[in-house]
Amino acid sequence: MKTKRIAAGLLALAMVCGFSAPVLAQTGADIVTVQAADKPSWDVKKYYKTADGVFSFQYVQAGFVQIITLEDTTIEDVVIPSEITDDKTGLTFPVQVIYGSAFAGKTNVKSVSIPDTVVKIGPYAFSNCTNLETVTGMEKVEYINEDAFLSCTSLKELNLPDTVVSLGNECFSHCDSLTELTIPGSVTYQGNNIASACANLKHITFSEGMPIIGQYFGYLCPALESVTIASTITSIGLGAFSYSGIISADIPDTVKRMDNDVFSNCLRLEECKLSESLTMIGMNTFATCPNLKAITIPKNVTIVSNNAFSFCSSLTSIEIPEGVTRIGEHTFYGCENLESVKFPSTLTTIGGYCFYDCDKLDNVVLPDSLETLNNYAFYDCDSLTSIVVPASVSKIGGFVFMNCDNLQSAKFEGSLDTTGIWTFSGCRNLTEVQFPEGMTTLSNHCLYNCKSLESVEIPETVTKIDQYALAGTDKLTTVNIPAGVETLGEYAVGYGEGALPDVNPDVTVVSDSPAVQEFLKENGIGETGEKPTEEPSEPQPGVLGDGDANEDGAVDILDIIALQKFLLGSGELKNSNNADMNGDGTLDIFDLALLKRKVLDTEKNTPDAEIPVQPTDPVAAE
């Protein structure tokens with residue numbers, strides 16, 4: 001027994017230090033030491049075949065042998081030898097490594113027995129052994145390298161010993177017949193996609209002692225129903241169970257971190273108990289989990305990240321815990337059955353598109369701590385009937401309440417310079433708006449197409465009414481505009497809906513502002529007869545919205561063609577600022593319509609203008 005321990009120690013020391021080890025010779029059951037000077041006849045740079053011709057192998061200078069490949073392509077039941085003897089010297093060496101790709105693609109193999117001398121299974125060692133059903137032994141294996149059992153589609157069972165410390169990328173990926181997998185607690189290193197895309201894998205057990213779950217571990221496992229997570233695990237990696245069929249999950253309170261996408265696109269997920277140690281819900285954590293009916297966000301969470309619960313269409317209510325300061329972008333985007341949200345008193349920011357298209361959301365009370373409402377925050381929330389924006393809000397983005405069809409009243413309690421572009425556009429049932437004190441600009445398309453609005457009080461501090469701000473407000477027959485208004489954008493007031501709206505003959509505008517009076521006169525609002533003809537002004541290259549999209553010094557049909565090609569994705573613009581006719585920072589069909597009108601007006605008032613000959617359909621012509 002003492003001799004065995006000495007031999008084993010010398011062999012281990014040699015493997016670590018890299019010098020030639022004492023060679024072990026075996027006679028029956030007894031292992032005896034052999035002098036370091038005794039070497040095999042094998043050249044370390046060459047491959048040799050075993051005596052029976054089944055395997056080729058290579059001697060490693062540290063004193064062991066690695067199996068290089070399976071030479072016999074007819075054998076079905078493979079037994080890997082525990083040792084190989086040098087016929088010339090009589091010395092015997094243990095088989096410790098199965099070399100990379102040793103059995104790769106050997107479709108004849110149905111079973112493999114791995115001896116307890118093997119400590120390492122190399123990359124792709126058994127990959128694409130599509131008829132391999134059973135693997136036995138492996139009692140002392142420590143390292144299973146990347147893709148070792150990749151696409152072993154017939155492998156039904158795999159028992160990993162508690163000696164395994166390292167699992168490489170995709171080592172069990174695409175093992176379609178595997179139904180259960182237990183990862184021993186001895187594993188300290190994991191690559192990515194360990195058991196991804198295993199079509200029939202139903203349960204994974206992560207044993208006590210494991211510190212983490214690696215990235216995309218059970219990704220794309222459609223049959224996966226549940227996982228058992230050890231209390232020693234503190235972190236779950238990116239996309240660990242995304243696109244799987246998992247139905248329920250219980251995350252122990254020892255888990256302090258869950259990376260992004262852990263349960264994203266889990267279409268069958270119904271419930272998940274989260275760890276109380278979490279401080280953040282990562283991006284896309286539960287994105288597109290349409291059967292998730294309820295979730296409790298842990299009390300220590302301070303950030304709910306982008307897309308965390310987007311398209312959770314069965315979610316009906318949510319409570320954001322105290323301490324959360326920010327809800328990210330698209331967080332509840334498309335939660336079509338979400339009816340109520342309870343916000344904490346600590347919340348300062350609601351991200352863009354946060355509650356976009358939450359059709360049933362009808363109970364929203366914004367907290368007094370809120371400072372920022374970003375773009376499209378409550379866009380198309382059709383059941384929302386009223387909203388109060390607290391005085392704490394200092395910044396509001398564009399399109400925030402756009403197309404909220406049943407919104408009837410809105411109130412700003414604080415002081416803001418402007419409400420953001422398109423704020424209430426398309427709110428067809430809006431009847432009452434109380435704008436913030438100190439407001440200086442009635443923004444671009446702010447109340448556009450608010451069909452039910454019968455009256456509006458514009459603050460006396462307003463100096464600018466931007467384009468389309470009050471267009472399409474059919475029932476707004478009388479508009480009182482403060483005397484301090486100095487600027488009015490195109491179609492700001494007195495017009496119907498559409499990109500190029502007609503004057504609303506039923507509207508009466510009351511104002512002592514010289515700018516407003518001039519606007520009314522120029523546009524024929526409240527007067528009979530046609531709109532006065534204007535002399536075309538010379539375009540100013542480089543000025544926002546002047547129409548000269550191709551920068552040739554003229555605003556004509558060539559600019560229309562250039563912009564049309566750009567919008568259809570078949571061309572580039574030399575100057576996008578010039579093409580932004582309505583100045584909203586976005587190039588769209590509204591800009592195209594305004595540019596066409598400008599060109600037509602210019603040509604109508606310039607009889608001798610020469611119109612360039614161009615194909616009718618520039619895109620088709622190309």
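- Qualifying side-chain contact (heavy atoms from CB on, under 4.5 Å) partners for P211, counting only residues two or more places apart in sequence or in other chains: none.
- Formation of a donor-acceptor pair under 3.5 Å by the Q190 side chain with backbone atoms of I212 is found in this model.
- The main-chain N or O of D176 is found under 3.5 Å from a side-chain atom of N200 such that the two form a donor-acceptor pair.
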**Report entry** Residue pair D259, D261: steps toward the side-chain contact (heavy atoms from CB on, under 4.5 Å) verdict
**Finding:** CA-CA 7 Å; D259 286 346; D261 294 275; over 6 Å; no

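- Looking at S443, its side chain does come within 3.5 Å of a backbone N or O of G420 through a donor-acceptor pair.
- The closest side-chain heavy-atom distance from E329 to Y353 is not below 4.5 Å.
- To the nearest 0.5 Å, atoms CG (L292) and CD (E271) are separated by 9.5 Å.
- In the model, T130 has no side-chain atom that pairs as donor or acceptor with a side-chain atom of T107 under 3.5 Å.
- With hydrogens and angles ignored, the 3.5 Å screen pairs a side-chain donor or acceptor of S392 with a backbone N or O of L370.
- Using a 4.5 Å heavy-atom threshold, the side chains of C446 and T419 count as touching.
- At least one side-chain heavy atom of L587 sits under 4.5 Å from a side-chain heavy atom of L573.
- Of the inter-residue distances, the one linking T346 atom OG1 with I320 atom CD1 reads 10.0 Å to the nearest 0.5 angstrom.
- Using modelled atom types, no side-chain atom of T179 and backbone atom of K202 make a donor-acceptor pair closer than 3.5 Å.
- Checking I246, N291, I247 one by one against L269, the side chain to side chain contact (heavy atoms under 4.5 Å, CB included) holds for a single residue, I246.
- Residue I121 comes nearest to A148 through the heavy atom pair CG2-CB, 4.0 Å, listed as atom of the first residue, atom of the second, then distance.
- The shortest heavy-atom contact between A195 and C198 is O-SG, 3.4 Å.
- A donor-acceptor contact closer than 3.5 angstrom is absent between the side chains of S386 and Q408.
- Within 6.0 Å of atom OH in Y243, 12 or fewer heavy atoms from other residues, nucleotides or ligands are found, so the atom counts as exposed in its surroundings.
- The CD1 atom of I213 sits 7.0 Å away from atom CD1 of I251, with the distance rounded to the nearest 0.5 Å.
- Using bins of under 30°, 30° to 60° and over 60° for the plane-to-plane angle, the ring pair F399/W422 lands in the parallel bin.
- A distance of 9.5 Å separates CG in L338 from CG in D362, rounded to the nearest 0.5 Å.
- Counting only heavy atoms from C-beta outward, the side chains of Q96 and V119 approach each other to under 4.5 Å.
- Side chain to side chain, T163 and E139 fail the donor-acceptor criterion of an N or O pair below 3.5 Å.
- Here the CD1-CD1 distance, from I183 to I233, works out to 10.0 Å after rounding to the nearest 0.5 Å.
- S151 meets the side-chain contact (heavy atoms from CB on, under 4.5 Å) test with N128, H174; sequence neighbours excluded.
- Defined by atom type and a distance below 3.5 Å, a donor-acceptor pair is present between the side-chain atoms of N449 and K451.
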Report task. Could you check E225 against R268 for side-chain contact (heavy atoms from CB on, under 4.5 Å), going step by step and ending with a plain yes or no? Result -> CA-CA 9 Å; E225 296 177 355; R268 298 196 300 169; 3.9 Å; yes

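- Within 6.0 Å of NZ on K299 lie no more than 12 heavy atoms contributed by other residues, nucleotides or ligands.
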Query raised in the report: Yes or no on side-chain contact (heavy atoms from CB on, under 4.5 Å) for S425 and Y468, after CA distance, side-chain angles and deciding distance?
Result: CA-CA 10 Å; S425 176; Y468 294 89; over 6 Å; no

Requested in this report: Decide side-chain hydrogen bond (donor to acceptor under 3.5 Å, both in side chains) for Y216 and N192; before the verdict, give the C-alpha distance in whole Å, the side-chain angles of both, and the deciding distance to 0.1 Å.
Outcome: CA-CA 6 Å; Y216 298 102; N192 300 334; over 6 Å; no

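- We find the CD1-CD1 distance between I350 and I396 to be 10.0 Å, quoted to the nearest 0.5 Å.
- With hydrogens and angles ignored, the 3.5 Å screen pairs no side-chain donor or acceptor of E133 with any backbone N or O of K156.
- Between Y376 and Y356, the ring planes are tilted. Angles from 30° to 60° get that label.
- At distances below 3.5 Å, at least one donor-acceptor pair connects side-chain atoms of S242 with backbone N or O atoms of G239.
- Residues S275 and P298 share a closest heavy-atom pair of O-CG, 3.1 Å.
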Query - Pair S196-E170, side-chain hydrogen bond (donor to acceptor under 3.5 Å, both in side chains): steps then yes or no - result: CA-CA 7 Å; S196 65; E170 298 185 283; 4.6 Å; no

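- For the pair N307/M283, no side-chain contact is recorded, criterion being any heavy-atom separation below 4.5 Å from C-beta on.
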Report task. Start with the C-alpha gap between F241 and F217, add the side-chain angles, then the distance that decides, and say whether ring pair (Phe, Tyr, Trp, His ring centres under 6.0 Å) holds. Result -> CA-CA 7 Å; F241 306 108; F217 193 104; 7.4 Å; no

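- Relative orientation of the F126 and F103 rings is parallel, given thresholds of 30° and 60° on the angle between their planes.
- When every heavy atom of A223 is checked against every heavy atom of A199, the shortest pair comes out as CB-O, 3.3 Å.
- Here the side chain of S452 pairs a donor or acceptor atom with the backbone of R428 at under 3.5 angstrom.
- Listed for the S369 side chain is a donor-acceptor partner under 3.5 Å among the backbone atoms of L347.
- Side chain of T205 to main chain of T228: no donor-acceptor pair is present (N/O by atom type, distance under 3.5 Å, no hydrogens or angles).
- Within a 6.0 Å radius of OH in Y143, no more than 12 heavy atoms belonging to other residues, nucleotides or ligands are found.
- No option in F286, F309, F378 other than F309 meets the ring pair (Phe, Tyr, Trp, His ring centres under 6.0 Å) test with F332.
- Annotation for Y99: atom OH does not count as buried by contact number, only 12 or fewer foreign heavy atoms lying within 6.0 Å.
- Summarising the local packing, CD of E142 is surrounded by more than 12 heavy atoms from other residues, nucleotides or ligands at distances under 6.0 Å.
- No side-chain heavy atom of V187 sits under 4.5 Å from any side-chain heavy atom of F206.
- Salt bridge status for D417 with K464: absent, with no side-chain N to carboxylate O gap under 4.0 Å.
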Query raised in the report: Can you list the steps and then say if D253 with K273 is a salt bridge (charged side-chain N to carboxylate O under 4.0 Å, His left out)?
Result: CA-CA 10 Å; D253 290 342; K273 182 263 177 187; 2.7 Å; yes

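- Using a 4.5 Å heavy-atom threshold, the side chains of S231 and E208 count as touching.
- With hydrogens and angles left out, the side-chain atoms of Y379 and N403 include a donor and acceptor closer than 3.5 Å.
- The local environment of CE in M138 is crowded, with over 12 non-hydrogen atoms from other residues, nucleotides or ligands closer than 6.0 Å.
- You'll find the side chain of L160 stays beyond 4.5 Å of the side chain of T182, heavy atoms only.
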Query - Criterion side-chain contact (heavy atoms from CB on, under 4.5 Å) on V400 and V389, from CA distance to verdict - result: CA-CA 11 Å; V400 172; V389 179; over 6 Å; no

